[in-house]
Amino acid sequence: MRTIGMLGGMSWESTAEYYRLANQLVRDRLGGVHSARLVVDSVDFADVERLQVAGRWEDAGALLAGRARALQAAGAELLLLCTNTMHLVVDAIEAAVDVPVLHILDATGAAVRAAGVGRVGLLGTAFTMEQPFYRDRLAAQGVEVVVPEADDRALVHRVIYEELVRGVVSDASREAYTAVIERLVARGAQGVVLGCTEIELLVGPDDSPVPVFPTTRLHVEAAVALALAPPSVPPSAPRSTDA
């Protein structure tokens, strides 16, 4: 079993879900009391959030690249960046290490295509919904992205930063998200990408009239599949060459 490195803390609420899912999936695959081989580096999200708000993405990339190098030094043989938004700086992380960095959108795009869905609504932070890095990578895989209107984007972002990253999960916010999803479906979305790792704590398949694509679970499933692959499978095999 290869050792998975998790670069987390953004927020720790979703990193805990990454940890739980990885161990659960390994146990389900191998049985008995098996668990995942993991090393975790959890940053202080307050440091990252300040850089996000200030638009200091290069500094944020440098911070995370340093922590990625620490994970590799600790024995990680493949890396997961346990956040959607900070994949905006994933190039800096990939350049800092010699082990595969599994991109969250490669796993997500594969699941969307496998479901026969060509147009998805996107829920995430304002950074994820409004900057092109997310839409462009899915578009390169043949998936069109629809983002909520401005008021709905503000609502989705506020719930993430004021509630979900603080461990608050409310029925009122779930209902509000469901209404946002319904408006995306009315605009032609055939599925919904839960493009923030905390959103899966709030919204599930029963809250949407169309399929949902839980990026956290899909990301972890891809990592566990690679970690348990036979040694003859090169570690870089699942990585996409998409821009």
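Keep in mind that this is a model prediction, so the values were computed, not measured. Atoms considered below: every heavy atom in the structure, side chains included; atoms not considered: hydrogens, waters and symmetry mates.
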Partners meeting side chain to side chain contact (heavy atoms under 4.5 Å, CB included) with Asp207 (sequence neighbours left out): Arg174, Thr178, Val203
Taking every non-hydrogen atom, the tightest pair across [X] and [Y]:
X      : Y      : value
Val185 : Pro209 : CG2-CG, 4.0 Å
Asn23  : Ser35  : OD1-CB, 3.2 Å
Val147 : Arg187 : O-NH1, 2.7 Å
His87  : Leu102 : NE2-O, 4.1 Å
Gly124 : Met129 : O-CE, 3.0 Å
Ala189 : Val210 : O-CG1, 4.0 Å

Pairing of Glu221 and Arg217 as salt bridge, 4.0 angstrom limit: yes
Lys/Arg-Asp/Glu bridge criterion (N-O < 4.0 Å) met for Glu144, Arg119: yes
Can a donor-acceptor pair be found, under 3.5 Å and without considering hydrogens, that links the side chain of [X] to the backbone of [Y]?
X      : Y      : answer
Glu94  : Val99  : no
Thr15  : Gly9   : yes
Ser14  : Ser11  : yes
Glu163 : Ser170 : no

Ring-ring centroid check Trp57 Phe127, cutoff 6.0 Å: yes
Is it true that the side chains of [X] and [Y] contain a donor and an acceptor less than 3.5 Å apart?
X      : Y      : answer
Thr85  : Thr125 : yes
Asn84  : Thr215 : yes
Gln24  : Tyr19  : no
His219 : Tyr18  : yes

Hey, does [Y] have a side-chain heavy atom less than 4.5 Å from the side chain of [X]?
X      : Y      : value
Phe213 : Val192 : no
Glu13  : Leu164 : no
Val220 : Val224 : yes
Leu122 : Val146 : no
Val43  : Asp41  : yes
Arg113 : Val143 : yes

Side chain to side chain contact (heavy atoms under 4.5 Å, CB included) between Leu80 and Leu7, intermediate numbers included: CA-CA 6 Å; Leu80 293 181; Leu7 180 48; over 6 Å; no
Test log, rule salt bridge (Lys or Arg N to Asp or Glu O under 4.0 Å), inputs Glu130 and Arg153: CA-CA 9 Å; Glu130 295 173 2; Arg153 293 199 303 271; 3.0 Å; yes
Verdict with supporting geometry, Gln52 and Tyr161, side-chain hydrogen bond (donor to acceptor under 3.5 Å, both in side chains): CA-CA 12 Å; Gln52 290 176 336; Tyr161 278 86; 2.8 Å; yes
Joint cluster assignment, Trp12 & Met86, ILVMFWY side-chain distance < 4.5 Å: no
Within one Ile-Leu-Val-Met-Phe-Trp-Tyr cluster: Leu202 and Val168, side-chain cutoff 4.5 Å: no
Over 12 foreign heavy atoms within 6.0 Å of CG, Asp151: no
About how many Å separate [atom2] of [Y] and [atom1] of [X], when rounded to the nearest 0.5 Å?
X      : Y      : atom1 : atom2 : result
Cys82  : Met6   : SG    : CE    : 5.5 Å
Arg137 : His103 : CZ    : NE2   : 3.5 Å
Leu88  : Thr83  : CG    : OG1   : 10.0 Å
Leu79  : Arg69  : CG    : CZ    : 12.0 Å

Audit row: Thr216, Glu17, side-chain hydrogen bond (donor to acceptor under 3.5 Å, both in side chains) steps and yes/no: CA-CA 8 Å; Thr216 297; Glu17 186 70 358; over 6 Å; no
